[in-house]
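Everything on this sheet refers to the single structure shown next.
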Amino acid sequence: MAQIELDSGYYLQHFNELLQFVTKHYQPVLTPDSCAYIDDFAVLTERAQQLLVRMLNRKGLVFSDAELHYAEIGEVAPVLAELTAQGFVSALISSDLSDFWLRLTKDRLWQLLQLAQLNCPRQWAELTATVPVKKSQTKPLLLGAALKLPVNWLALIEQLPERYVALRRQDALNYLYFLYFGRIEANLSLFTLRDLGIRQSGQFKQQFQPRFTEASQALLAYQLAKAKPAIIELAKHLKKQPDSAQPLLSQWLSDVSQWPVAADNGGGEDQALQLKRSERCYQLGKLAEQYKLNELAINFYQLSNGFPASERLARLYWGQNDTERCQTYLQQLLADPSCDEEWLFAEDFYRRKFNPSGGIQRSQLTQLLHDAPIVGVDELYLGQAEQGLMAHYQAQGYKVFHSENNLWLSLFGLWFWHELFEHEQSALHNPFERRPRNLAGGGFYQQFAKEIEQKLQQLTAPNATSQLLAAISAHYGKANSVFYWHSDLAEQLLPLIQFAPRIPSEQQGEDGQSSLAPLLRAMAQDLKRHASGYPDLLLIKDGAVEFIEVKAPGDNIQRHQLARLLALNNAGFSARIEKLQWIVDPNRIYVVLDVETTGGKAGLDRVIEIGALKVQAGEVLDSFSTLINPQRYIPSFITRLTGINSAMVANAPTFAEIAGKLSAFLQGAVFVAHNAKFDYGFIRSEFTRLDMPFAMPQLCTVVNMRRYYPGLQSYSLGKLCEEFDISLTNHHRALDDATATVELLKLINARRTVAQ
């Protein structure tokens, strides 16, 4: 693919494209400052516009004229003068110094220190009497010394050979960027990626509605967007200066209390803004709790709306021994919860703390996990619990998929694709957006309630699977930020539509509505709260679908996972937790394998010998052994180690010639080796060269000997054979090493079976 060459003025074209878009769509919400920015930019000469946009697209706010040389702009001085006259840049002021120090090179910093020595000899002498200052020191050390000097740095900076300027009017610019992108954006790199063919844009629709129609909405949204990075910086600052937590957080509380609470205009945007407002208050409350400022935390949480702030509030009331207030608050949450997770928390906390039924009470989370059935899964899947349970059910004839959240997100995205991405009123507000902006806070459902309810009824139509398949075919591969595509998506979604249970309903007739309907409706009403926590596995068999949340020993269930399980069951699906118990299958078939190679790197070196033994219940059933022609020279150090030289493999088969036979030998077994990562890696690389798939469960005898026989001085094959009196007469020949490794496997399985 030929590299795309951009026009020399591409960056100015991008900036003008953004300004034209904002002017067209957001005229009613532009502030006087942002209008003035657009007007003043328009009267700049082209060279001044080019230089300004060049600076805007670079990091930082401070620049020297020496770094602003561009062929299409020419001499910088008169252009900077024009920008200064229009107020887009100016000379440095004290607040610019932090950015100035970051951009300064070490050589220029040293030059500035020399100027300080000449111009402020007394201060220099006082500093260097206690702090040595040498040119050979690192920039951080030199900068630390500079910051200790009580001198007028702005005056000294003017004596440098370069002229330094700082960008101005940034808040007006950031507001324009925010209107376009819906977030604080640093530059226009998305436009460049689009022109280079790297980033798709405009793939859904070409006509866009403004994200804000009222100035109060836009300004509140901008304020909330600025608060997000500001709170992150506040957290960093408090780590360094924890004593400042009380005054700074108190000031934040005062500021937040002044943020307006917008009234809903029916479009859902104001609800989304209130959700963001709640999130900021929750973040500040967590910070206050971190620094033991619980009263401040309570005030922040009270300004927040709903879960999880409600949980923190109840816990703080309880922690303050204000049991009456806590109980009353929990009762309010139970009577009118904002979401399933909030109700589950309130129900569990109320039952455990106020214990109305007597006796020791388990939370629903603990009870659900306690009551879950236990399924034995081979210990070989330790660390791969989901794969282990998938294998367990596949052996019983189920089709099993690791579905988790993407199954539901993709069903939601495909079923409502038109309303999400293509409808003229969809909440995509520029060509780069891939996720509608109204999916949190209820705006999507409010906007398309009629269409959504009609489509939910269509889930039971005879052609429902055809509709879904058509959507997959029409849109497959289109980049979006709701779900991701994968090759077996249709294989999961079509049975889900086809086999979903029906909910009896008089209004829906005898068949009722699909059990998918309440779940998709909840996602449409607030996707953020219903986008995660779905069970790990989807099982399909005999015209039925089931869902399983997999919990390995020691795992806990999260509240949002419980909420999804309850919602699935309430809708009519079979959804459950299954706890795994690690077991050893006595009839498991193993292939104990060893390779000799031309070197130690699987991607580069080649196999020269394979020795493998098929083992079941401690008995060797079959063997496979061959030299391999690596089609390259065998290094002398390998010959000294193994005894195998190039002459010995000259007439041996290549790996390609034995690959089919080896693959059949390995089929259905567990791959065992001493340092399995090494041997498995080489065998996998050889199969990969032939474009043959290779994946097997593994057991490493080094790892397991360490686990079941701890405390030995060495776990090398030779030393273990000495320790356990295992015959190893021809070390570093593949079949002999594999034969010795079989004995280690027997020792391991003896201990594993006892542990079970």
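Worth knowing before you read on, the calculation uses all heavy atoms, side chains too, and leaves out hydrogens, waters and symmetry mates.
- Taking each heavy atom of Tyr26 and Arg211 in turn, the nearest pair found is OH-N, 3.0 Å.
- Looking at Asp171 and Lys226, a side-chain N of the basic residue comes within less than 4.0 Å of a carboxylate O on the acidic one, giving a salt bridge.
- Note: Phe354 and Tyr350 have tilted aromatic rings, judged against thresholds of 30 and 60 degrees for the angle between ring planes.
- Between Arg521 and Glu453 a salt bridge is recorded (basic side-chain N to carboxylate O distance below 4.0 Å).
- A salt bridge is defined here as a Lys NZ or Arg NE, NH1 or NH2 lying under 4.0 Å from an Asp or Glu carboxylate O, and Glu341 with Arg564 meets this definition.
- Residues Phe307 and Leu333 fail the side-chain proximity criterion, which asks for heavy atoms closer than 4.5 Å.
- A salt bridge is defined here as a Lys NZ or Arg NE, NH1 or NH2 lying under 4.0 Å from an Asp or Glu carboxylate O, and Lys551 with Asp536 fails to meet this definition.
- The pair Glu233-Lys236 counts as a salt bridge, with a side-chain nitrogen and a carboxylate oxygen less than 4.0 angstrom apart.
- Taking all atoms of both residues into account, the shortest heavy-atom contact from Glu451 to Glu419 is CB-OE2, 3.8 Å.
- The pair Glu549-Lys579 fails the salt-bridge criterion, with no side-chain N (NZ, NE, NH1 or NH2) lying under 4.0 Å from an Asp/Glu carboxylate O.
- Taking the charged nitrogens against the carboxylate oxygens, Arg576 and Glu578 do have a contact shorter than 4.0 Å, which makes a salt bridge.
- Between the side chain of Ser34 and the main chain of Leu30, no donor-acceptor pair closer than 3.5 Å is present.
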